[in-house]
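One structure below.
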Amino acid sequence: MQMRPIKALSEPQTADLRAGKGMSLALPAELNGYPGPSHVLEMADALGLENDQRLHTERLFHEMQKEAKALGEDIIASEDELDRLFREKTATLAKVQDATARAAHLQGRLRATHLKYHLAMVEVLSLGQVRQYNQLRGYR
């Protein structure tokens, strides 16, 4: 961990943030019957998506990715700033409180972004498709 460029982020975490991956941030939605666009696209044929549903889901997925990638970069920068405060021995309580509040706010925005697109998916899919999605994912 000491050799990491940003001590609080592993290379896989940094890569996931840059790639806009969900990182289980949307589990409250996913595990309560709100499908995610990424998985819906993976199961498009099994779900019998109509062409307009597929196009809408692709649009939602690309919008989610754009937002998540931008926030991921902001999170990386905020963690780098926090790390820098300690690395350069300039950390004070006030600076640390500000830096951690910013990092936490960005994490919350990223989570809300992913959850927002799970909410949007239930507007695209039929109730039957949502049920089928949950079965295919192994949920009760």
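Remember, predicted model here, so these are calculated numbers, not experimental data. These numbers come from the heavy atoms of this one structure, side chains and all, not from hydrogens, waters or symmetry mates.
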Can you name the nearest heavy-atom pair linking V40 to P35, along with the distance?
-> CG2-CB, 3.7 Å

Side-chain contact, heavy-atom cut-off 4.5 Å: K7 with L82?
-> no

Members other than M23 in its cluster, when Ile, Leu, Val, Met, Phe, Trp, Tyr link by side-chain heavy atoms under 4.5 Å?
-> I6, L9, L17, L25, L71, I75, I76, L106, L110

Does some side-chain heavy atom of P37 sit less than 4.5 Å from a side-chain heavy atom of M64?
-> yes

Are L55 and Y117 joined in one hydrophobic group, where the rule is that I, L, V, M, F, W and Y side chains link up if heavy atoms are under 4.5 Å apart?
-> no

With rounding to the nearest 0.5 Å, note down the distance linking CG in D74 to NE2 in H105.
-> 9.5 Å

Can you tell if the side chain of T14 reaches within under 4.5 Å of the side chain of R18, non-hydrogen atoms only?
-> yes

Taking all non-hydrogen atoms of both residues into account, name the closest pair between A19 and Q65 and its distance.
-> O-OE1, 2.9 Å

Can you tell me if Q129 uses its side chain to pair, donor with acceptor, with the backbone of S126 under 3.5 Å?
-> yes

Partners passing side chain to side chain contact (heavy atoms under 4.5 Å, CB included) against H39 (at least two apart in sequence or in another chain) = E30, E42, M43, Y133, R137

What distance do L125 atom CG and Y34 atom OH have between them, rounded to the nearest 0.5 Å?
-> 13.0 Å

Could you walk me through whether R4 and E11 pass salt bridge (Lys or Arg N to Asp or Glu O under 4.0 Å), step by step?
-> CA-CA 8 Å; R4 292 178 181 174; E11 287 184 37; over 6 Å; no

Gap separating the CG atom of L31 from the CZ atom of R140, nearest 0.5 angstrom | 12.5 Å

Between the side chain of E79 and the main-chain N/O of A8, is any donor-acceptor distance below 3.5 Å?
-> no

Output yes when a side-chain donor or acceptor of N32 lies under 3.5 Å from a complementary backbone atom of P28, and no otherwise.
-> yes

Rounded to the nearest 0.5 Å, how far does OG of S10 lie from CG of D16?
-> 8.0 Å

Closest approach of L115 to A29 (non-hydrogen atoms, all atoms of both residues) | CD2-CB, 3.7 Å

Do you know which two heavy atoms are closest between H114 and A68, and how far apart they sit?
-> NE2-CB, 3.7 Å

Which residues pass the side chain to side chain contact (heavy atoms under 4.5 Å, CB included) test with A91, sequence neighbours left out?
-> L85, F86, V96

Could you grab the distance from atom OG1 of T100 to atom CD of Q107, nearest 0.5 Å is fine?
-> 12.5 Å

Hits for side chain to side chain contact (heavy atoms under 4.5 Å, CB included) against R59, two or more places apart or cross-chain, chain-then-number order -> H56, E63

Less than 3.5 Å apart, which donor and acceptor atoms pair up between the side chains of residues 44-51 and the rest of the protein, not counting sequence neighbours?
| residue | atom | partner | partner atom | Å |
| --- | --- | --- | --- | --- |
| D45 | OD1 | R54 | NH2 | 3.0 |

Nearest 0.5 Å please: distance from the CZ atom of R84 over to the CD atom of E88.
-> 4.5 Å

For residues 94-116, which residue pairs qualify under salt bridge (charged side-chain N to carboxylate O under 4.0 Å, His left out), counting only residues two or more places apart or in two chains?
-> E67-K116

